[in-house]
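Being a predicted model, the structure only gives us computed values, none of them experimental.
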Amino acid sequence: MGKIKSLPEKVINQIAAGEVVERPSSVVKEVVENALDAKASWVEVEIQEGGLKLIKVTDNGEGMSPEDAQLAVQKHATSKIFSVEDLSNLHTFGFRGEALASIASVSHFELSTRTAEALSGVSLKIKGGGVPKPLETGRPVGTTLTVANLFFNTPARLKFMKKKSTEENHIVMVVSTYALAFPEVGFKLTLDGKEALQAPPADFTGRLSKIFGRETAQSFLPLDYAGQGMRIRGVVSGPTVTKPTRENMLYFVNRRWIANASLGHAVMTAFHTLLPTRRFPVAALFLEISEDQVDVNVHPTKREVKFAQDRAVYDAVVKAVRGALLSAPGALQPATALPETFPAYGSTSAQPGFLNEAPATTLYDRITEKHPVHEQIPNPLTVGGMGGVVEEKAVGISPHSPSFEDYGLGKTSLQARRIDLQVSLYNFGQLFNTFIVFQSDREMFIADQHTVHERLNYERLMKGVREKALEVQPLLMPVTVELSAKEAQVLKNNLETLMELGMEVAPFGGNTFLVRSVPADLAGKNLVALVKDLVDDLASQDALGVKAANRLDQARERAATFMSCRSAVMAGDKLNEEQMRLLIDQMRQANLPFTCPHGRPTILSIPLSELYRRFDRH
């Protein structure tokens, strides 16, 4: 008897579901796309328990007849395509006809729908891929799709779901992104009965404000480029508005939300030399191109696409974004016209000066003269309360600079150890406005001023939390912070944690919050920028999917580390001898570990005997 057998239909559907339904947000994406394909002008999404307990999507689209409804839940049944040639001329999001069947195979599924011509609608209920049971029902025109107990019959998949807040963040991202792409369509999203997004039909500018917040939306630079058989429209932030991750760089092809590494590289190429280290712009780019020039049938979830002329698309994106940047107030025009092509994705030829423009520092400084970078708020260090700018500044170290090892000073020569309180320290100095150097009678020490101060801040903050004795600074005038829908959800999930750390933040309607108090170390900082970056940092932690039992501890740790970093003196800040002594003395007295909360070293020592040996002084 042969070993190979045909799989049962139920098993086939569950395998397909593993490709199409990765997590609750995958269901939301598929169903919202169906609603848009059905020409809905209003889409409402209701979520319970991160989508695992309930996903309910209601639209006022065209609806389906009873016959079409029963076919829609069958595998590979669709109204979108009829021939192979149609795959090269797609005008809809869906086309495979497998999403509903896959979703129904791993959930308690109900589809209710009605067309304008029908006097009544039809309801189909399916449990774990069973046989649908059609029932006549009264309902408005449109469709309601309910998915309950997602993955109830696939415990292995359920085990790999992230915590509730992580799944909610993914869902908010999906709904917000499609709301941005379809401003003429109204969207509403509720999470466990609480409104997370309410976006009535609007123009594109109004929808930008709703999704990104008014302040960020007002900072956008519009772009509109036509050429090479395509058109690119949308917005991009200037160099003064940045994020710590690429998550806010959104790309759409014929209004389809996609992921494409080449487009991301093109945007960063356009920003070449204009952004602070490890910062990324906010962008929403809409590429309009002939359907036969893009293949969307390359990924189960249809998120990834391939272009017939990838290089032409890349060059067009660079030109579109760079054109928007050059139109910004204070921007310099390049000395010569933009080249016809740019360094390709993955190329090593993207070197400084490839645009033949003025030096990068001049261009960046000119742009930021009228729009100061919010991360670089000056706050001079004082002995009484150590402040500092928020963003560390580079000290100009070449990646090809010689290392300690090149000079024969290996790891065994550079030691990180406790400095005895009885040991006298003297000859304090500062190198590159970044490192503190000093000596004892028998050793030379080098300390990183930022990591030392960060560690001190962290220990003081955590001690205050443990002893409930935090030094908190109430704000005379509360600071208003407006966030995007996803950012607002992240902040709501972490309000309790921030309160423990001395930062009182309260909802103020919609996606707006009031900051009422902060830890004393953060007084005087740009709180709007700080809160936004803190939310981004917490969101990146959420993306790791820490389980609920450890979520508060992890969030507290993450927030405390972030606050300690942002309240510390930074690389590039000039210190006097008294300030340097104070940092090192506090470090000695506290008897703290010799790393900052991020794990970077705080202080290194070189024994005098090692110096003698290296200079042949035996």
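- Between Leu52 and Phe151, some side-chain heavy-atom pair lies under the 4.5 Å cut-off.
- Applying the ring pair (Phe, Tyr, Trp, His ring centres under 6.0 Å) test to Phe182 and every residue at least two apart in sequence or in another chain returns Phe93.
- Rounding to the nearest 0.5 Å places CH2 of Trp42 at 12.0 Å from CG of Asp59.
- Atoms OG and CZ, from Ser567 and Arg460 in turn, are 7.0 Å apart once rounded to the nearest 0.5 Å.
- Glu136 is linked by a salt bridge (Lys or Arg N to Asp or Glu O under 4.0 Å) to nothing, counting only residues two or more places apart in sequence or in another chain.
- Scanning all heavy atoms of the two residues, the minimum distance from Leu495 to Val505 falls at CD2-O, 3.5 Å.
- Using a 4.5 Å cut-off on side-chain heavy atoms (C-beta onward), Leu285 and Leu263 make no contact.
- Taking the charged nitrogens against the carboxylate oxygens, Lys243 and Glu487 do have a contact shorter than 4.0 Å, which makes a salt bridge.
- Taking CG from Asp536 and CZ from Phe562, the interatomic distance works out to 8.5 Å, rounded to the nearest 0.5 Å.
- The nearest pair of heavy atoms linking Glu30 to Ala99 is OE1-CB, 3.6 Å.
- Side-chain atoms of Ser176 never come within 3.5 Å of backbone atoms of Met173 as a donor-acceptor pair (strictly under, hydrogens ignored).
- In this structure a side-chain-to-backbone donor-acceptor pair under 3.5 Å is missing from Asp537 to Asp533.
- With sequence neighbours excluded, no residue forms a ring pair (Phe, Tyr, Trp, His ring centres under 6.0 Å) with Tyr458.
- We find the OG1-CE distance between Thr143 and Met64 to be 4.5 Å, quoted to the nearest 0.5 Å.
- With contacts defined as side-chain heavy-atom distances shorter than 4.5 Å, the pair Met503/Leu522 qualifies.
- The shortest distance between side-chain heavy atoms of Asn60 and Ser41 falls below 4.5 Å.
- Annotation: side chain to side chain donor-acceptor pair (under 3.5 Å) contacts of Arg255 (sequence neighbours excluded): Glu184.
- Taken from OH in Tyr178 to CG in Leu36, the straight-line distance is 8.0 Å, to the nearest 0.5 Å.
- Within the 4.5 Å cutoff, the side chain of Val236 has heavy atoms near those of the Phe271 side chain.
- Taking all atoms of both residues into account, the shortest heavy-atom contact from Cys565 to His598 is CB-CE1, 4.0 Å.
- With sequence neighbours excluded, the residues that form a ring pair (Phe, Tyr, Trp, His ring centres under 6.0 Å) with Phe212 are Phe220.
- Here the shortest heavy-atom pairing between Pro24 and Met161 reads CD-SD, 3.7 Å.
- Only one option out of Ile55, Leu100, Val32 pairs with Leu145 in a side chain to side chain contact (heavy atoms under 4.5 Å, CB included); it is Leu100.
- Not a single side chain to side chain donor-acceptor pair (under 3.5 Å) links Asn260 to another residue, sequence neighbours left out.
- Between the side chains of Thr602 and Arg455, not a single donor N or O lies within less than 3.5 Å of an accepting N or O.
- The shortest side-chain heavy-atom distance between Val267 and Pro281 falls under the 4.5 Å cut-off.
- The backbone N or O of Val490 lies less than 3.5 Å from a partner atom in the side chain of Asn494, making a donor-acceptor pair.
- Shown here are the salt bridge (Lys or Arg N to Asp or Glu O under 4.0 Å) partners of Arg516, two or more places apart in sequence or in another chain: there are none.
- Listed here is the closest heavy atom pair of Thr113 and Ala69: CG2-CB, 3.9 Å.
- Here the side chains of Phe252 and Trp257 are in contact, with some heavy-atom distance below 4.5 Å.
- Evaluation of the side chain to side chain donor-acceptor pair (under 3.5 Å) rule for Glu167 yields Arg23 as partners, not counting sequence neighbours.
- Here the side chain of Arg139 pairs a donor or acceptor atom with the backbone of Ser112 at under 3.5 angstrom.
- With sequence neighbours excluded, the residues satisfying ring pair (Phe, Tyr, Trp, His ring centres under 6.0 Å) with Phe152 are His108.
- Residues Val45 and Phe187 fail the side-chain proximity criterion, which asks for heavy atoms closer than 4.5 Å.
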Compile the donor-acceptor pairs under 3.5 Å between side chains in residues 189-197 and protein atoms, sequence neighbours left out, one pair per line.
unit_1 : atom_1 : unit_2 : atom_2 : d
Asp192 : OD1    : Glu49  : N      : 2.9
Asp192 : OD2    : Lys164 : NZ     : 2.6

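- Counting all heavy atoms, side chain and backbone alike, Leu124 lies closest to Pro132 at CD2-CB, 4.4 Å.
- With sequence neighbours left out, the side chain to side chain donor-acceptor pair (under 3.5 Å) criterion links Ser209 to no other residue.
- Among residue pairs with one or both ends in residues 101-115, none qualify as salt bridge (Lys or Arg N to Asp or Glu O under 4.0 Å); sequence neighbours excluded.
- Side-chain N or O atoms of Ser107 include one that pairs as donor or acceptor with a backbone N or O of Ile103 at under 3.5 Å.
- In this structure, CG on Leu534 lies 5.5 Å from CG on Leu498, to the nearest 0.5 angstrom.
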